[in-house]
Amino acid sequence: MANHLPIVQFEEKIMKTVEDNAVVVIIGETGSGKSTQLSQMLHRRGYTKSGIIAVTQPRRVAAVSVARRVAQELGVTLGEEVGYAIRFEDRTSDLTRIKYLTDGVLLRECLSNPELDQYSVIILDEAHERSLNTDILLGLVKRLVKVRASKLKVLITSATLDGEKVSEFFSDCPVLNVPGKLYPVEIMYSEESPKSYIESSLRTAMDIHVREPEGDVLIFMTGQESYLAIPYTFVVNSHVFPMTLQVRVFSPPPPNCRRFIVATNIAETSLTVDGVVYVIDSGYVKQRQYNPSTGMYSLDIVQISKVQANQRAGRAGRTRPGKCYRLYSSEAYQEEFLDVTVPEIQRSSLAGSVLYLKSLDLPDIDILKFDFLDPPSFESLEDALKQLHLIDAIDDTGLITSVGKTMAELPLEPSLSRTLMEANENGCLSQALTVAAMLSAETTLLAAQRLCQYSGKSNEKKRKHPPPDLPDGSGWGDHIQLLQIFEQWDQNEFDIGWCKNNGLQVRGMMFVKDVRRQLSQLMQKIAKGSLNGRTNERYKERQRGYKNLRKALCVGYANKLAERMVQHNGFRTIGFKPQLVQVHPSSTLKTDEDGMFPNYIVYHELIATSRPFMRNVCAVEMEWVSPILKKLEKLNIDKLSGGSGHSIREENEKKVSSLPKKEEAVAGVPDDSESRIQAARDRFLARKGKK
DNA sequence: GAGCACTGC
């Protein structure tokens, strides 16, 4: 059955270690079998008698496919003893003893059951990927181990370098290594960094094609521009695929044909292509990062980490020995590359996560003292608190409000959940639900349309942004347009053909429907009006509805407000270090007869691409903005963070005169969080001093 | 007047 998997030989040792320790870190490389076997071993040893074994995965597909596999190996029906739970789909039952789930679902479960006491074992799989959710779970689980004493076992599985660090986080818990089942991969470095990565990877690909025996070539690049730049048929007897053409990539190649697959980091984790023997690694990745002082995201091309480089190389050794051509020098790898990828928690806006943690209402957890494996910057936490206060989720002392409590239960970013709450008061909840659902899927909605634009660019006139038959938001902006699009789809009885005709991705629109249904269910018990999403027939009624909706959006997006500059159409952001930003050209927001945009707008996102842009904007009125400006004037960040500035200084002084208080160690997990928090504070204070 | 990598509740 699964006896060929390397991990099976380590069963005795792993089980003994788990028996003796509350937390164990297991380092297992690709192909070790950890995802499918650990749960079964624990099941055999009786750990499912006192509770369920939970195994988290960062991705939905992984949760489903691993669960299916385990059910098969145990010879049981999926959904009975072995099941899975992902968003929109819970295939578990009263019989379920082994449950695979996404890390996001487990986090949501904490809301109704903070101690997760239905579980006897929690396995956080793929922890090295350091997804935002896994990082939060790591902190929560560390606490749970203390609270639930010896009744809970925790396994953290990780690949490659950072196992020691996770062990340190869990007070030097044991680390077990399980070998993977990879074939050796020979690493070749370039002598120097190339001037053009596209050109250099082409040349390398050519060399491989001419000199090396059969085997497909996987090329890691940063984005779409490289797909377009690489000519499709640059050598005979070969095929070049962008990874997006999944159907062709996954069907077997024609005989005597070498495939060249150009991919982004999607091929690092999510997709595996059989037959790859050669990897070409540009050494770069496109990464989204958040700047808490400006509230702006940027998409930057950055050097990958050593972990990522090794992950990429590993893709060459899955079926037989392979080769990896790195388009950078070994010195660069050794000296410039970071050991591990900067975790998501240090690259994202934390408003949602902070609200979530506050809503758990754990007696011993203060958000600024929360024990993260890698703490986010103080600035980032303060930014989150400020934003949450502006949208009434926390009061001026940082305590969660009743509005905030309800917001946290919605699977939405805080601006949108606040909009729903306000819309419920305004009598436009149904419309707000639609907008929130549309924005949740926004990036996947218009993709088809954009591709159309690309391909038609050379020979026909460029198409105007909204194709003629899509609504235009009545001039109020993109939120209203998204609402109108969904309403039209509804009027067309959710016809798939209608989506296609209007350049909307069917899968994206189906996702919107799912999200909307889920949100409606969650809001049902507090909803004050009908949620059926139908359009009001009468023009006047519709306009009044839009006004109420815009008003609700203004309350929800009080943390994302911009003011137009006098005499031109640039905007200044409010509430952050002021930035000059533009309405994104794809926006449907209309100008007045003088060509001017409204004086105030809210935006869904600030993103710096070629220039700083506001994406998805909505016009709001001055009278709605005034109270927000007043609130901003009164904002006191020290008070919000529980008087952090003062109290931290005081606590620091106290510590000089008395020994640090050690909490009692339970279940072999002594507490080292104080020193880690101390270090974060020191960094914070040092920065403050410099200013 | 531009076009964005990948996930997830």
Side-chain angles (χ1 to χ4, degrees), chain A residues 56-63 85-90 101-111 126 129-137 220-228 242-244 262-271 282 284-289 297-302 304 308 341 343-345 347-348 352-353 355-356 407-414 416-417 436-437 440-447 449-455 457 462-465 511 514-515 518-519 521-522 569 582-587 589 591 605 607-615:
Chain A
T56 70
Q57 294 290 329
R59 278 174 298 281
R60 295 163 56 96
V61 270
I86 59 178
R87 188 178 189 181
F88 309 131
E89 203 182 348
D90 185 349
L101 69 179
T102 48
D103 46 18
V105 169
L106 188 61
L107 265 188
R108 288 280 144 198
E109 288 187 0
C110 292
L111 280 175
E126 315 287 3
E129 289 188 24
R130 304 297 306 277
S131 74
L132 182 56
N133 288 337
T134 296
D135 265 22
I136 292 170
L137 280 173
F220 281 101
M221 299 298 279
T222 55
Q224 283 183 28
E225 66 283 356
S226 48
Y227 297 162
L228 302 172
M243 195 62 136
T244 45
V262 187
T264 59
N265 48 336
I266 190 173
E268 267 171 34
T269 49
S270 303
L271 296 179
S282 65
Y284 285 90
V285 66
K286 197 174 280 178
Q287 219 170 48
R288 192 177 144 101
Q289 8 222 16
Y297 278 95
S298 60
L299 272 163
D300 305 318
I301 292 178
V302 299
I304 58 173
Q308 272 174 301
T341 317
E344 206 184 343
I345 200 164
R347 294 187 277 118
S348 323
S353 304
L355 178 62
Y356 170 80
M407 285 168 61
E409 291 183 35
L410 298 166
L412 290 171
E413 48 188 299
L416 285 174
S417 47
S440 300
E442 198 262 339
T443 49
T444 56
L445 284 188
L446 297 171
Q449 188 190 329
R450 289 207 187 103
L451 277 177
C452 275
Q453 278 184 309
Y454 270 121
S455 56
K457 208 166 160 183
K462 246 201 276 180
R463 251 208 281 161
K464 269 269 189 213
H465 173 50
F511 179 75
D514 280 340
V515 175
Q518 186 188 29
L519 295 175
Q521 265 167 21
L522 288 165
N569 270 338
Q582 310 265 290
V583 174
H584 197 276
S586 67
S587 174
L589 181 69
T591 53
E605 181 181 59
I607 178 120
T609 48
S610 57
R611 279 186 297 166
F613 288 115
M614 293 174 286
R615 284 187 65 238

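Both backbone and side-chain heavy atoms feed into the values below; hydrogens, waters and symmetry mates do not. Protein chains get the first letters and strands the later ones, always in sequence-line order, with residue 1 at the start of each.
Using a 4.5 Å heavy-atom threshold, the side chains of A:Pro58 and A:Asn133 count as separate.
With B:dC4, B:dG8, B:dA2 as the choices, the nucleotide that has an atom nearest any side-chain atom of A:Arg60 turns out to be B:dG8. Ranking B:dA2, B:dC9, B:dT7 by closeness to the A:Pro585 side chain, first place goes to B:dA2. Of the candidate nucleotides B:dC9, B:dG1, B:dA5, B:dC9 has the atom lying nearest to any side-chain atom of A:Arg87. Among B:dA5, B:dT7, B:dC9, the nucleotide with an atom closest to any side-chain atom of A:Pro411 is B:dC9. With B:dC4, B:dC9, B:dG3 as the candidates, the nucleotide lying closest to the side chain of A:Leu299 is B:dC4. With distances taken from any side-chain atom of A:Glu605 to the nucleotides B:dG8, B:dA2, B:dC4, the minimum falls on B:dC4.
In this structure, A:Ile607 reaches neither bases nor backbone, as no heavy-atom distance under 4.0 Å exists between it and the strands shown. Counting non-hydrogen atoms under 4.0 angstrom, A:Ser610 reaches the backbone sugars and phosphates but no base. As judged by a 4.0 angstrom heavy-atom cut-off over every strand, A:Thr102 is placed among residues touching the sugar-phosphate backbone only. A:Val285 comes within contact range of no nucleotide atom at all, as no heavy-atom separation falls under 4.0 Å.
Atom C1' of nucleotide B:dG8 and atom CD of A:Glu129 are separated by 12 Å, given to the nearest angstrom. Rounded to whole angstrom, the span from the CD atom of A:Glu344 across to the P atom of B:dC6 amounts to 14 Å. In this entry the distance linking CD1 of A:Ile345 with P of B:dT7 reads 20 Å, nearest Å. One can place CZ of A:Arg130 at 19 Å from P of B:dG8, the figure rounded to the nearest angstrom. Following rounding to the nearest Å, A:Glu413 (CD) and B:dT7 (P) show an atom-to-atom distance of 18 Å. For the pair A:Gln518 CD and B:dG8 C1', the interatomic distance rounds to 11 Å; values are reported in whole Å.
A side-chain donor-acceptor contact under 3.5 Å links A:Ser298 and A:Asp300.
Contact check, A:Arg611 against B:dA2: a side-chain N or O comes under 4.0 Å of OP1 or OP2.
With values rounded to the nearest 0.5 angstrom, A:Leu111 atom CG is found 6.5 Å from A:Glu409 atom CD.
A:Ser282 is linked by a side-chain hydrogen bond (donor to acceptor under 3.5 Å, both in side chains) to nothing, counting only residues two or more places apart in sequence or in another chain. Every residue meeting the ring pair (Phe, Tyr, Trp, His ring centres under 6.0 Å) condition with A:Phe511, not counting sequence neighbours, appears here in chain and number order: A:Phe88.
Nearest-nucleotide positions on DNA chain B for A:Gln57 and A:Arg347 put A:Arg347 closer to the 5' end.
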